[in-house]
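The block underneath contains the structure these notes are about, expressed in structure tokens.
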Amino acid sequence: MATNVRINGQRLWDSLMEMARIGATAKGGVCRLALTDLDRQSRDLFVRWCKEAGCSITVDRMGNIFARRPGKDDSLPPVMTGSHLDSQPTGGKFDGAYGVLAGLEVVRTLNDANYETNAPIEVAVWTNEEGSRFAPAMIASGVFAGVFDLDYGLGRADTEGKTMGEELKRIGYAGDAEVGGRDIGAFFEAHIEQGPILEAEGKTIGVVRGVQGIRWYEITVTGQEAHAGPTPMPRRKDALVGAARMVEAVNRIGLENQPDACATVGMMQVSPNSRNVIPGTVFFTADLRHPDADTLAAMSAALQQECETIAEKAGLTLDFNEIWYSPPVGFAPECVAAVQKAADDLAIPNRKIVSGAGHDAVYLSRVAPTAMVFVPCENGISHNEIENATAEDLAAGCDVLLRAMVERANAV
Ligand code: GLV
Ligand code: MN
Ligand code: MN
């Protein structure tokens, strides 16, 4: 490919802004929960754009969408890119959508340049990456990679009991293609960093060499509902007081494992949630992360021990479940090198980086050589409606993606 071929940064930005209108929030972000009507609209827009760009579309049984641009030798395994279009309830315009639309921009650029890669190029939209409506995160790329069964994926339910299978049918994205089970030459995912490192160091590209490990817990604490007035303090079995101590333990375990550990309680349901009833039941989640699997396992063991001790001392019942483990991942050297070379050849300031967030690339890395491209986001803020990134940085990341993909697609 001519070395002066560049993606169209304005077209990428315009597409991002048009996509961000679907589920736009008053504070400038996006609420586009997985498999809602808004998710359907974002998928429809993506599919329309891809068809206009000459791609063929396949949808698999988990609702993953694949837009394919043929290669010179169309029997070769595709070089794939992509990310997700679902968002957090108070999400931003770039988390996920950037990786999907950067892929589309790669296709559009190859079309403009009339350039044929040896292997086909595919752009994927993975269903329910965020895990905020249906836990865990990255379910559909996980089914694709054989980490989860199809039945497990389709059976995951939201808090109202609606399953992914039902909701996929309802929005018209229960496809008939088999999930996974095919060769992929390489997978690349472009994403905003979602942390502060690149911006702080004045680097435009993060060459992502891996992703830290993640463990998710669902914890239910049961005490006894009783009247807030007549019940003396010593007689109480207050589930929320117990849960509060456990939240404190989660935070302490994170602090005790610095510099790399993260530990978060992000969701809590208090029952019956009435101001003059002592809480009888509390359900909450915990999210523990660390790049080292052994340290993460030790954090997990410490949390379970702490929760058991707190519950026992307070006469509470504890139900402690680990519902997800995504082990730390190291990406494929040849794909990391392709990203590094692309950034260096374009003379874009870059550094190697480990992802703090989970991504579909984590599961893809089990079935294909994989790497990621990060670009900075403003103040390192993501999973927030104010999430922001510059058009220039997004374009630079897309140029790196284009080069890395073309290199891999022509290496066969
Ligand atoms: C997935 O997006 C995660 O990092 O929680
Ligand atoms: Mn994301
Ligand atoms: Mn996210």
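Each ligand, and each atom within it, is numbered from 1 in the order the structure gives. Residues: numbered from 1 along the sequence shown.
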Do you know how many protein N, O or S atoms are within a distance smaller than 2.8 Å of the Mn ion (ligand 2)?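 With waters ignored, the protein N/O/S count below 2.8 Å is 3.
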
Give a yes or no answer on whether the side chain of H290 reaches the backbone of D292 with a donor-acceptor pair at less than 3.5 Å.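 Yes.
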
For the residue pair R40 and Y173, would you count it as a cation-pi contact if the rule is NZ or CZ under 6.0 angstrom from the ring centre and within 45 degrees of the ring axis?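 Judged by the rule, R40 and Y173 form no cation-pi pair.
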
Cation-pi geometry met for R209 and F331 (6.0 Å, 45°):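 Cation-pi check for R209 and F331: fails.
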
Indicate the ring-plane relationship of Y217 and F320, choosing parallel, tilted or perpendicular according to the 30° and 60° boundaries.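 Tilted, since the angle between the ring planes falls between 30° and 60°.
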
Salt bridge check: are D37 and R170 linked by an N-O gap of less than 4.0 Å?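 Salt bridge present between D37 and R170.
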
Within the supplied structure, the quantity of interest is the number of heavy atoms (other residues, nucleotides, ligands) at a distance under 6.0 Å from R156 CZ; does it exceed 12?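 Check passes, neighbour count above 12.
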
Evaluate whether atom CD of E312 has more than 12 neighbouring non-hydrogen atoms of other residues, nucleotides or ligands under 6.0 angstrom away.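 Open: at most 12 neighbouring heavy atoms sit under 6.0 Å from CD of E312.
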
Show me a pair-per-line table, with atom names and distances to 0.1 Å, of protein N or O atoms that are under 3.5 Å from an N or O of ligand 1.
from	atom 1	to	atom 2	distance (Å)
ligand 1	2 (O)	E129	OE1	3.4
ligand 1	2 (O)	E129	OE2	3.1
ligand 1	4 (O)	R289	NH1	2.8
ligand 1	4 (O)	R289	NH2	3.3
ligand 1	4 (O)	G358	N	2.6
ligand 1	5 (O)	R289	NH2	2.7

Ring pair (Phe, Tyr, Trp, His ring centres under 6.0 Å) contacts touching residues 147-171 (sequence neighbours left out):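 Qualifying pairs, neighbours excluded: F148-Y152, F148-Y363.
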
Which residues pass the ring pair (Phe, Tyr, Trp, His ring centres under 6.0 Å) test with W49, sequence neighbours left out?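 If we apply the ring pair (Phe, Tyr, Trp, His ring centres under 6.0 Å) test to W49, skipping adjacent residues, there are no hits.
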
